[in-house]
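Quantities reported herein were computed from a predicted structural model and do not represent experimental measurements.
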Amino acid sequence: MDSLYQFAAIFSALTWAMSGAILKQIKFNRFFSFPFLEATISLTIVSIIITLMQYWGTIFDASSKAFLFMIVATALSCIGIVFYVISIKHNPIGVVFTLCAASTILMTLVIDFLINNVQYNLFLIIGAVVLITSIFIINFESFKNYKEKNTLGIFGGIIAGSIWGIAVILNDRALLEAHILTASITRAVVSIIFLFILSELFRQRIEILTEKKEILKMVIAGSLITLSSLIWLTSLNVTTGFITSIFGNTAPVFALIIGFIFLKEKIYRSQILGIFLAFIGVLMVILFKN
């Protein structure tokens with residue numbers, strides 16, 4: 001069963017992409033609104049799951065070290081969002097996403113190698129490079145039309161991805177001593193607190209949805225991301241941060257396919273090539289991950 005859980009991050013990427021398709025239909029004017037509302041929905045869902053499983057009695061059994069890792073990881077993820085916002089304000093989102101994905105994967109690889117002393121097969125690393133290349137090709141049109149380069153925006157994307165990579169490793173270490181549901185509810189609570197503080201500091205107060213259709217879409221999208229987070233943590237619990245990052249960053253591939261099928265979005269030939277390379281990269285990781 002553990003061997004099956006190792007691929008859970010791929011399904012996590014799929015549910016994340018599905019939530020993105022729904023989010024495109026929700027109008028948010030302030031960036032912190034969605035992650036804050038998603039964290040609130042996540043807290044509700046995870047609390048219900050914990051209640052049904054009668055897990056509240058052992059929810060705080062994790063060591064203080066594990067809680068510290070989880071809290072710092074969530075705080076870093078929120079800080080990463082800030083740099084992500086800075087980056088997308090100055091650059092096309094396709095460029096930013098490519099930079100974030102590449103730096104997240106590379107950061108987890110470096111930390112796994114230098115600190116966790118994990119040795120990876122050369123072909124697995126080549127598979128990761130192929131996947132990063134596929135993400136670049138998928139977003140090729142964004143780079144092609146990218147004329148007014150902004151240095152701050154470029155570094156913002158790289159820093160965001162690098163910070164998220166560090167957060168992945170911290171969560172990986174925390175899960176050695178903590179249950180997945182403990183990690184999930186900690187992520188939700190810390191995110192709510194941290195994002196509220198950031199929204200006040202950046203004068204981006206959280207928006208309240210009033211239309212029933214918008215609320216329904218938000219609940220569905222938030223639920224999908226909660227599911228994505230639980231699946232991702234499951235994968236991280238049985239494999240390394242580097243491999244989980246590789247599988248998790250297949251989200252743009254699924255987003256492209258879902259957008260083409262359900263949203264009737266145009267798909268370029270270069271993007272078809274990118275999808276093909278992405279599957280080759282993932283296949284190489286699966287074959288050589290041991």
Side-chain angles (χ1 to χ4, degrees), residues 2-17 73 76-77 80 84 87 94-140 142-143 154 157-173 175 228-229 231-257 270-290:
D2 281 357
S3 61
L4 179 62
Y5 287 157
Q6 291 180 23
F7 307 116
I10 297 178
F11 296 101
S12 172
L14 174 60
T15 52
W16 183 272
L76 285 175
S77 296
Y84 182 79
S87 188
V95 173
V96 177
F97 198 95
T98 304
L99 293 173
C100 287
S103 52
T104 299
I105 293 173
L106 291 175
M107 179 59 73
T108 53
L109 172 62
V110 170
I111 296 177
D112 261 351
F113 178 75
L114 295 179
I115 298 178
N116 294 334
N117 197 29
V118 180
Q119 303 293 327
Y120 289 108
N121 188 296
L122 176 61
F123 289 102
L124 185 147
I125 296 175
I126 293 174
V129 173
V130 171
L131 178 62
I132 293 173
T133 303
S134 73
I135 296 173
F136 168 78
I137 293 174
I138 285 172
N139 294 298
F140 176 73
S142 295
F143 282 91
I154 292 173
I158 295 173
I159 292 172
S162 299
I163 289 176
W164 287 336
I166 296 172
V168 169
I169 298 299
L170 288 175
N171 276 314
D172 191 17
R173 295 292 296 272
L175 288 172
S228 176
S229 175
I231 297 173
W232 182 84
L233 288 170
T234 300
S235 174
L236 189 60
N237 192 39
V238 297
T239 188
T240 65
F242 176 53
I243 293 176
T244 301
S245 292
I246 294 173
F247 289 154
N249 277 289
T250 56
V253 179
F254 290 114
L256 192 65
I257 296 172
S270 60
Q271 292 175 324
I272 296 174
L273 173 61
I275 293 173
F276 177 72
L277 286 176
F279 283 116
I280 291 178
V282 170
L283 181 61
M284 290 183 69
V285 173
I286 292 173
L287 291 176
F288 299 103
K289 63 183 177 60
N290 293 326

Extract all donor-acceptor atom pairs below 3.5 Å that involve side chains of residues 7-15 and protein atoms in other chains or at least two apart in sequence.
residue: Ser12; atom: OG; partner: Ser228; partner atom: O; Å: 2.8
residue: Ser12; atom: OG; partner: Ser228; partner atom: OG; Å: 2.8
residue: Thr15; atom: OG1; partner: Phe11; partner atom: O; Å: 3.3
residue: Thr15; atom: OG1; partner: Ser12; partner atom: O; Å: 2.9

Could you pull out all donor-acceptor pairs under 3.5 Å where a side-chain atom in residues 159-171 meets a protein atom, sequence neighbours excluded?
residue: Ser162; atom: OG; partner: Ile158; partner atom: O; Å: 2.8
residue: Trp164; atom: NE1; partner: Ser77; partner atom: O; Å: 3.1
residue: Asn171; atom: ND2; partner: Ala167; partner atom: O; Å: 3.2

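With sequence neighbours left out, the ring-ring contact (aromatic ring centres under 6.0 Å, His included) criterion links Phe123 to Phe288. Looking at residues two or more places apart in sequence or on another chain, you find no side-chain hydrogen bond (donor to acceptor under 3.5 Å, both in side chains) involving Asn237. For Ser134, there are no side-chain hydrogen bond (donor to acceptor under 3.5 Å, both in side chains) partners, not counting sequence neighbours. In this view, Trp232 satisfies the ring-ring contact (aromatic ring centres under 6.0 Å, His included) rule with no residue, not counting sequence neighbours. Considering only residues two or more places apart in sequence or on other chains, Val110 meets the side chain to side chain contact (heavy atoms under 4.5 Å, CB included) condition with Leu114. Every ring-ring contact (aromatic ring centres under 6.0 Å, His included) that Phe136 has, sequence neighbours left out, goes to Phe143.
For the atom pair Phe279 CZ and Ile286 CD1, the distance stands at 10.0 Å (nearest 0.5 Å). With rounding to the nearest 0.5 angstrom, the CG atom of Leu277 is 11.0 Å from the CE atom of Met284. Of the inter-residue distances, the one linking Asp172 atom CG with Leu236 atom CG reads 4.5 Å to the nearest 0.5 angstrom. The CG atom of Asn249 lies 7.0 Å from the CG atom of Leu131; values are rounded to the nearest 0.5 Å.
Asp112 contributes a side-chain N or O that, together with a main-chain N or O of Phe242, makes up a donor-acceptor pair within less than 3.5 Å. Side chain of Ser103 to backbone of Cys100: a donor-acceptor contact under 3.5 angstrom is found.
The shortest distance between side-chain heavy atoms of Leu109 and Ile105 does not fall below 4.5 Å. Side-chain contact between Leu124 and Ile246 is present, with at least one heavy-atom pair separated by less than 4.5 Å. A 4.5 Å side-chain heavy-atom check between Tyr120 and Thr240 finds at least one atom pair inside the cut-off.
The shortest heavy-atom contact between Asn139 and Thr98 is ND2-OG1, 3.1 Å. The two residues Ile137 and Ser270 come nearest to each other via the heavy atoms CG2-O, 2.9 Å. Closest heavy-atom contact between Val285 and Ile243: CG1-CG2, 4.4 Å. Nearest approach of Asn116 to Arg173, heavy atoms of both residues: OD1-NH1, 3.9 Å.
Sorted by first and then second residue, the side-chain hydrogen bond (donor to acceptor under 3.5 Å, both in side chains) pairs with a member in residues 274-283 form an empty list; sequence neighbours excluded.
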